[in-house]
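Take a look at the structure below.
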Amino acid sequence: MTAGQAGLGALLLADGRLPVGGLVYSAGLEPGLADGMTQADVPRYLRARLRTVGLVDAAAAVLAHRAAVPDAMPDAGFGLDDVQEALAARTPSAPLRDVQGVLGRGLARLGERLRPDHPATVALRALGRAPLRPVALGCVAAALGVDEEATARASLYDDAQAVASAALKLSPGDPADAAAWVLAAEPDVAALVHVALAAGHPDDLPATTAPQAEGWSLTHQHRTRRIFVA
Amino acid sequence: MPENHTHTHEHAAPTRALRLGVAGPVGVGKSTILATLCRELADELSMAVVTNDIYTDEDARYLRSAGVLPVERIHAVETGACPHTAIRDDVTPNLLAVEDLEERFAPLDLVVVESGGDNLTATFSPALVDAQIFVLDVAGGGDVARKGGPGIERADLLVVNKTDLAPYVGVDAERMVADATSARDGRPVLALSQRDPESVARLGDWAREVLRSFRAGQHVAQDPGPMAPHTHADGTTHAHA
């Protein structure tokens, strides 16, 4: 794998146009707006997500990356299954686990098409059930030769962009402002990438969940007039 | 860009179900056509349905309540305000839904995918469906067929629906069908009314013929294309086909 391919791989994984079914997901924004959040709250919501579930997801993606290529870290002492379990345990809302599974399957499908024989793709297939999005992201990233740091950054960026682009559909403003929210998250993302990389074992996976957003997701699953699944 | 080469050879017969798309603007009767296909074919074929709704799972609930298929064979995909994307540029959620149904109810003969009601330019990617029906109705106006568009011109079948309403909305249904036929370069057009059993039977026969051709390895999925014919400033009109 040349550095050039890995560089494009990282960009691909961070691109909202990647065909993995991201269009169904507002990163919890629609449930939040339905509960009374306003457009003015969106930048704070975006940052709050990054520091909570965004960090958990990014760290899980890093751990999945390590578990997916055991040769790279033979003494890791954990497998992809352990990462999936640890992340599921930190995602108490069933609808959020479900949508993470749908997004994970989209990524897994992409990995099967792009790198069917790569050990990371084989490991993801062997999981035998819908991988949560970060688990699939870590594996597909490994299969594309994207390093752990770029994987963590792609995970955080994708979360921020999911909020920003959903905001443009749900509570539209100048799209340049939405881009500015994402760019303004740079200091948070840079710091969180390092925290995510520090998780050495699924037992150490951060558990900074967001109970308010979890609660919103439970209400949202029964809403009959919604645009996004979650 | 649409695949434009002509296949004369036969492909290996596929083993999976035929995937049939039903597209068209809001309110033309797509869900009713799905229910009709189920009523006509479910006794002889093993079927499942995927609906795409812009808002929640209304179409799936309509079909479940219609009692035309066991409820577990009807799956709703929510499209996040992107009904066009979900059937064309990122078909992943729909493909996963189709593959789930094929696995759960194997062997299926036919999976029908209903698009979310969008506009005249929305057609299915051949990566999602093997064949597609584009639906118009007389109440949408008699001139719609003449205006053209990828679905109207190049879907495998064009349905002009609710022909029984034509006298009430001031539309000449025969004229509309004739306009559609001339826009389609020989591709079939079906004038459909739920009150005309013969037209309903023709819809079922068309689907049976596509399935037969698909199983024989003779059917090739066609992309109706993303672009409507349009006029340039110099007065020339052309389609990107």
Side-chain angles (χ1 to χ4, degrees), chain A residues 12 15-31 33-34 95 98-114 125 128-131 133 136 140 161-163 165-172 217 219-230, chain B residues 16 19 26 31 50-65 72 74-104 111 113-119 122-129 223 226:
Chain A
L12 258 185
D15 193 330
R17 291 164 293 190
L18 194 68
V20 293
L23 56 102
V24 304
Y25 183 53
S26 76
L29 183 67
E30 187 178 33
L33 291 171
D98 287 347
V99 74
Q100 291 283 321
V102 169
L103 297 170
R105 287 181 65 198
L107 275 162
R109 189 175 189 284
L110 185 76
E112 292 283 357
R113 299 281 292 199
L114 298 182
R125 194 182 306 139
R129 57 191 191 277
R133 184 200 69 106
V140 177
Q161 274 290 22
V163 172
S165 63
L168 291 175
K169 287 180 177 161
L170 297 166
S171 179
S217 74
T219 309
H220 197 66
Q221 69 173 327
H222 299 299
R223 211 164 255 137
T224 55
R225 289 275 162 193
R226 64 180 189 215
I227 290 177
F228 294 97
V229 176
Chain B
R16 62 164 172 77
R19 300 168 182 176
V26 177
S31 298
V50 176
T51 65
N52 280 209
D53 278 310
I54 300 171
Y55 281 119
T56 187
D57 59 347
E58 232 164 67
D59 287 342
R61 278 187 282 157
Y62 160 77
L63 285 171
R64 289 179 190 127
S65 66
E72 63 274 15
I74 301 169
H75 185 97
V77 167
E78 288 162 80
T79 60
C82 297
H84 200 151
T85 303
I87 63 166
R88 189 144 186 104
D89 21 312
D90 186 1
V91 300
T92 308
N94 272 311
L95 270 182
L96 292 174
V98 170
E99 288 166 4
D100 282 352
L101 286 164
E102 285 176 352
E103 186 182 326
R104 183 165 170 205
V111 181
V113 184
E114 178 187 2
S115 78
D118 201 347
N119 58 38
T123 58
F124 285 91
S125 163
L128 176 59
V129 299
D223 177 15

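Chain A is the first sequence line, chain B the second, and so forth, proteins listed ahead of strands; every chain is numbered from 1. In this text the structure is predicted, and so the values were computed from the model without any measurement. The figures here come from the full heavy-atom set of this structure, side chains too, leaving out hydrogens, waters and symmetry mates.
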Inset, instruction - Heavy-atom pairs under 4.5 Å with chain B are the metric here; pick the option from A:R105, A:K169, A:E30 that has the most. - result: A:R105

Inset, instruction - Heavy-atom pairs under 4.5 Å with chain B are the metric here; pick the option from A:L170, A:L103, A:L23 that has the most. - result: A:L23

Inset, instruction - Say whether, by atom type as modelled, one donor and one acceptor occur between the side chain of B:D90 and the main chain of A:G21 under 3.5 angstrom. - result: yes

Legend entry - Polar side-chain atom of B:N94 near backbone of B:A86 as donor-acceptor pair, under 3.5 Å: yes

Legend entry - Charged N-O contact under 4.0 Å between A:R109 and B:E99: yes

Inset, instruction - Please check if atom CZ in A:R113 has more than 12 non-hydrogen atoms from other residues, nucleotides or ligands closer than 6.0 Å. - result: no

Inset, instruction - Measure distances from A:V229 to the heavy atoms of chain B and classify the residue's part below 4.5 Å as side chain, backbone, both or neither. - result: both

